[in-house]
Amino acid sequence: MSSLINFLNPKLKPSVECDAVCEDGYTAANLIADDAEQMERGFMCFQVCKPPVEIVFDFPKAIDLKVIKLWPSSGALRSTGFEVHGKYDGIWERVAYVRDLPKGMDSVTFCYQSDYNSRSSAAAAQQQSEKVFFFKTAHKILGTTNSVKIVIRATERCPPVLRKIQMWGLPARSLDKADRELMKTIWSEVSDPYGLRDQAQQQQAGQRSPSRHIPELREQSMLEIPEEFLDSITWELMIFPTVLPSGKVVDQSTIDKHSEEEAKWGRLPSDPFTGLEYTSQRKAILNLALKARIEKFLMEHSEHFKSVPRLLGSSRMRRRHASQIASHMCLPGSMAVGTYSSLSSGYKHQQQRKTKSTVTATATSAFSGSLSPTSPPAAKRPRHSYSTYTVSSTVTAASSANQTPTTSAAAGPTSSIDQALQQTLQKITRYTQVSTALQQPPSCINCRSGQFAYEIRTCRHLVCRECLVMLSTAQQCVCKVTFRGVDVERYHKLP
C-alpha cells in the first residue's frame, strides 16, 4: 500500500454519517477523527440496537477505491458480517460481502482478485486477517466514486461495533491533473512528514548527503571550548545547535542520526532523551542566538583551528532551517543573525541619499546668496564646499536675524551634516528597536510571576505549577477558555 492513499485520513477531509443511535463517545465520527485517542475508541451502537447498521463515507473528490481494511472487534464485542456498497448513477450497489467471521480474525481486507498476491496473503494469515475479493463488476462502480457504504449485517450477540477502518486507493482518472497532484502532495506530507523516505531513496541511489564539517583544533592548541558549545550527546562542537522539547541542546546532525535509527525500527522521529514523538507543538527548534555565538567564537579563534569555513554548514542544512529562521524572525523581540546587516545596508543607502539632498540644498541657497553685489564671486567647482558654506554663513548673518539656526548650522560642514543626520534619524523608522510592550517578559497569567513552566495550548497562556493545579479543578483558564489535561504541555524557555 506504499503507493496508495488512505482517503479516510482526516487531512483529506472525508465525512461520515450513521442513522443508528450510538453510545456516548463512540459515534461514527471517531472512525475519521484527527485525535488518536478518539480514533482508538471506534464506533459502537447503543445496547438495544440490532443489525443491520449502515455507515456512509463521503469524499470531496472522486476516488478509485482499491482496498478496504476494517477491524470488526472492540474488546469482547465483535461484528461477524459486513457488506460493501458503492454508489453508481445515484444507486447503491453491493460490491462485496463477508459472513460468519471466525473468532481468531483480527481484521478483514476487501480487495480485487487481480491485485491478489500470495506473499501478502501469507503475511495476512500470520496477522490473522481475512481476505475477501470484490465482485467482477466492482471496477465500474468503485473506479470513480464519491461515496462508500459499509453495512454491519451480523454480530456475536452484541451491539454493532467497528474499531477501525481504512480505505486505500488513488485519485480517480476523471479528475483534473491539479486535483490529483494536490491529493498526492497532501498524502506525502501526512505519510512522510520528515522526508525520511526521500533520504532513504537518495541513499539507495548512491547520493550521499554532505557530511557536517567540524573544525578541528591544531595539535599545539590549548584552547578550551565552552561547555555550552558542545553537543549534549556526542560532546562535539555544534554547528546547528537545536533545542529539544526536553530542554537539552544538541546538534541537528545528532537529531538526524537518531531519526534514521528510529525509522529502521518503524518508529517516528522523537526526542532522544524522553522518547516522545515530535508534534506541531512539541518539536526541535534551532537556537539562532547560540549559533551566532559559536560562529563568532570560531572566527575570533580561527588560528587555533585547522580550517574554519566562511559559512558554517552546507547548503542542504541551510535550506532545511530556512523555514525555522523565517518563523523565528517573525517573533516579537527576536532578530536573526543576518537581518541586521541587510537592514543596515538599506539604512546606509537611505542616509546617503538624504545627506546628498541636504548638502545640495544648502549649496544652492549659498549660490543664490552669492549673487549679491557685496558678496565675493562664487566657487567655480562644487567640490569647494567649505568656501561655499562660509559665504552662505556671511550672507545670511548680514541679511536677517531670523535665520540664526541656518547660520549656526552652516558654521562648518561637519556640524551641519551632523544636525541633518540627527533630524533624519528622528524621523526614520527603527527596525532594530522593540516597543516597550514587546519587551515585557512573559509571566504566569494568574499570579504574574516569572516562574512559569506550563503552556495551555487552547489559549496559549503560560501558567506556573501552583496556578495550574487550581485552574485544573475548574478546567477553565483565567481568560474563560476551557481546556483539558491533554491541552497542557511543558514550556521550555530558550537561553
Side-chain angles (χ1 to χ4, degrees), residues 209-258 272-273 283-352 425 428-435 438-442 492-495:
S209 59
S211 59
R212 185 185 65 145
H213 174 69
I214 302 177
E216 297 181 1
L217 289 173
R218 299 183 182 273
E219 295 179 359
Q220 68 276 11
S221 176
M222 301 298 293
L223 179 65
E224 294 185 2
I225 302 177
E227 185 177 344
E228 58 181 344
F229 295 169
L230 301 178
D231 193 303
S232 300
I233 297 179
T234 62
W235 211 246
E236 295 179 349
L237 181 64
M238 294 183 291
I239 302 300
F240 286 94
T242 308
V243 182
L244 295 171
S246 59
K248 302 291 185 179
V249 181
V250 297
D251 193 82
Q252 181 62 38
S253 62
T254 305
I255 299 178
D256 295 341
K257 293 178 182 178
H258 179 262
F273 291 90
K283 58 184 177 181
I285 302 175
L286 178 65
N287 193 339
L288 295 174
L290 183 57
K291 183 179 184 296
R293 292 168 57 191
I294 294 175
E295 292 182 359
K296 182 181 178 182
F297 175 81
L298 290 175
M299 295 305 175
E300 291 178 350
H301 302 85
S302 58
E303 67 276 4
H304 295 274
F305 296 92
K306 294 182 179 180
S307 62
V308 177
R310 184 178 179 183
L311 291 177
L312 302 180
S314 62
S315 59
R316 179 181 67 88
M317 298 291 287
R318 289 196 297 271
R319 287 195 302 269
R320 176 181 300 176
H321 295 293
S323 60
Q324 296 184 2
I325 294 174
S327 61
H328 183 81
M329 289 173 58
C330 297
L331 294 176
S334 62
M335 182 62 64
V337 177
T339 309
Y340 178 76
S341 59
S342 60
L343 291 178
S344 59
S345 60
Y347 173 76
K348 289 179 180 178
H349 290 302
Q350 187 176 5
Q351 283 294 105
Q352 292 176 1
L425 288 174
I428 198 171
T429 304
R430 298 293 186 93
Y431 294 97
T432 57
Q433 292 182 354
V434 187
S435 61
L438 297 179
Q439 290 179 352
Q440 295 179 359
H492 302 286
K493 295 182 288 185
L494 295 178

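Since this is a predicted model, take the numbers as computed values, not measurements. Atom set for the values below is all heavy atoms of this structure, side chains included, hydrogens, waters and symmetry mates excluded.
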(request) Nearest 0.5 Å please: distance from the CD1 atom of Ile233 over to the CG atom of Leu244. (result) 7.0 Å

(request) Apply side-chain hydrogen bond (donor to acceptor under 3.5 Å, both in side chains) to Ser232 and list each qualifying residue two or more places apart in sequence or on a separate chain. (result) none

(message) Check whether Asp231 reaches the backbone of Asp251 with its side chain - one donor and one acceptor, N or O, closer than 3.5 Å.
(response) yes

(message) With rounding to the nearest 0.5 angstrom, report the CD to CG distance, Glu236 to Leu230.
(response) 9.5 Å

(request) Could you grab the distance from atom NE2 of His304 to atom CD of Glu224, nearest 0.5 Å is fine? (result) 11.0 Å

(message) Does Glu303 have more than 12 heavy atoms from other residues, nucleotides or ligands lying within 6.0 Å of its CD?
(response) yes

(request) Flag the pair Phe229 / Leu298 as yes when at least one side-chain heavy-atom distance between them is below 4.5 Å, and no otherwise. (result) no

(request) Pick out which of Arg293, Lys248, Lys291 makes a salt bridge (charged side-chain N to carboxylate O under 4.0 Å, His left out) with Glu228. (result) Arg293

(message) Rounded at 0.5 Å granularity, tell me how far CG in Leu290 sits from CD in Glu295.
(response) 10.5 Å

(request) Calculate, to the nearest 0.5 Å, the distance between atoms CD1 and NZ belonging to Ile255 and Lys283 respectively. (result) 12.5 Å

(request) Please tell me if the side chains of Val250 and Pro272 come closer than 4.5 Å, counting only heavy atoms from C-beta onward. (result) no

(request) Compare every heavy atom of Pro245 with every heavy atom of Ala284, then report the nearest pair and how far apart it is. (result) N-CD, 4.3 Å

(request) Check each of Leu286, Ile239, Thr242 against Gln252 using the side-chain contact (heavy atoms from CB on, under 4.5 Å) test, and report the only one that passes. (result) Thr242

